Amino acid sequence: MPWARRAVVSTASDVDMGVDLGGVRLRNPIVTASGCFASGREMARFFDLSRLGAVVAKSVTLEPRNGLPPPRMAETAGGMLNAIGLQNPGVDAWLAKDLPWLAAQGVPVIASIAGRSVDEYRQLAERVRGNPDIAALEVNISCPNVEDRGIVFACRTEPTAAAIAAVTAIVDVPVFAKLTPDVTDIAAIASAAVDAGATGLSLINTLLGMAIDVETRRPKLAAATGGLSGPAIKPVAIRAVHQVRSALGPVPMIGIGGVRTPEDVIEFVLAGATAVAVGTATFANPLAAPEIVDGVAAWLHQHGERDIGGLRGTLVTGERTVGR
Ligand SMILES: Cc1cc2nc3c(=O)[nH]c(=O)nc-3n(C[C@H](O)[C@H](O)[C@H](O)COP(=O)(O)O)c2cc1C
């Protein structure tokens with residue numbers, strides 16, 4: 001029966017799922033990935049949003065954006081390509097209409113801002129400053145910098161530092177820099193963000209990809225290239241979290257990329273993530289995030305772990321014992 005969803009019986013009420021994400025207390029480590037949860041209203045039809053650790057909102061820009069022309073999505077093996085183009089109502093409309101509703105759902109809201117220049121990041125920070133409904137701010141710097149030949153901010157250390165410093169000088173909530181994996185040395189970019197005042201990192205945004213329809217010989221996306229997400233990118237995300245943890249120590253991190261199962265969450269936590277986001281999985285199953293919350297609690301219970309925080313960064317890297 002397709003409508004008879006399997007009930008998740010919690011056997012794990014003795015497990016402490018709470019985490020401190022750079023000063024923000026979350027009831028569990030599961031958050032939504034920016035842009036994969038619409039405004040939140042659509043998802044509230046499926047489950048009580050307060051079951052999540054936090055909602056990370058869709059990135060907002062200074063002005064409303066209609067996004068890119070269709071087709072804007074294409075399925076790939078183990079993943080999905082999208083070129084939505086940051087469609088959003090603009091920061092002012094989001095602050096007036098979506099944010100108050102979201103905050104009233106009893107879940108911490110992490111706002112996300114995206115700019116095209118350092119000055120736009122500064123203006124966006126001024127708009128959100130002091131808003132009591134915003135628990136933390138994610139700064140999406142995986143965006144083209146119009147003042148620098150369209151090169152993505154997070155592809156180089158100086159523009160990363162400039163965008164993050166512009167924001168951290170203004171806001172007084174924790175700031176998470178959201179980085180692109182399309183770089184040679186993600187630890188160097190993460191370090192530049194933290195030195196510029198970021199509380200932590202959100203790792204990773206989509207990878208730039210492309211797919212071609214062999215019958216029409218056209219790119220499957222109207223924009224030709226787009227962001228690759230889903231299970232195919234999880235190893236890249238785990239690697240990024242691991243490299244940043246190894247280079248910077250226990251900096252607060254939101255692990256993002258291809259999360260589908262409770263074990264995926266545990267994997268990110270072992271690599272060093274404090275919170276873990278569910279993105280593309282929500283498009284296939286709107287209940288993915290709350291099911292993963294229950295699944296992580298059950299996993300901890302089954303493994304005799306009392307506290308999710310106790311697992312963080314406990315990756316074993318020593319020599320393997322041969323023959324076992
Ligand atoms: C349709 C779609 C829209 C997205 N929009 C945003 C966005 O507005 N801001 C942002 O920082 N990331 C955005 N992302 C990236 C996701 O937040 C996430 O980093 C990425 O999809 C990897 O996670 P996943 O594999 O779980 O989807 C978007 C991803 C998708 C698939």
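The first residue in the sequence is number 1, and the count goes up from there. Here the structure is a predicted model, which means the values were calculated and not measured. Counting convention: from 1, in listed order, for ligands and their atoms alike.
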As a check for students: among [options], identify the option with a heavy atom nearest to [atom].
atom                    : options             : answer
atom 22 (C) of ligand 1 : I233, V278, V236    : I233
atom 5 (N) of ligand 1  : M80, Q87, K58, R260 : K58
atom 19 (O) of ligand 1 : K234, K178, R72     : K178

Short list, please: which atoms of ligand 1 are under 4.0 Å from a heavy atom of A33? 17 (O)
Select one of side chain, backbone, both or neither to describe which atoms of [X] lie under 4.0 Å from any atom of ligand 1, heavy atoms only.
X    : value
V56  : neither
T280 : both
N205 : both
C36  : side chain
N88  : neither

Counting only heavy atoms not in R41 (residues, nucleotides, ligands), do more than 12 fall under 6.0 Å from its CZ? yes
Can you find an N or O of G230 that's nearer than 3.5 Å to an N or O of ligand 1?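 Yes.
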Check: V296 and M17 side chains under 4.5 Å, non-hydrogen atoms: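 The answer is yes, as the side chains (C-beta and beyond) meet within the 4.5 Å cut-off.
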Measuring from the heavy atoms of G257, does anything fall under 4.0 Å of ligand 1? yes
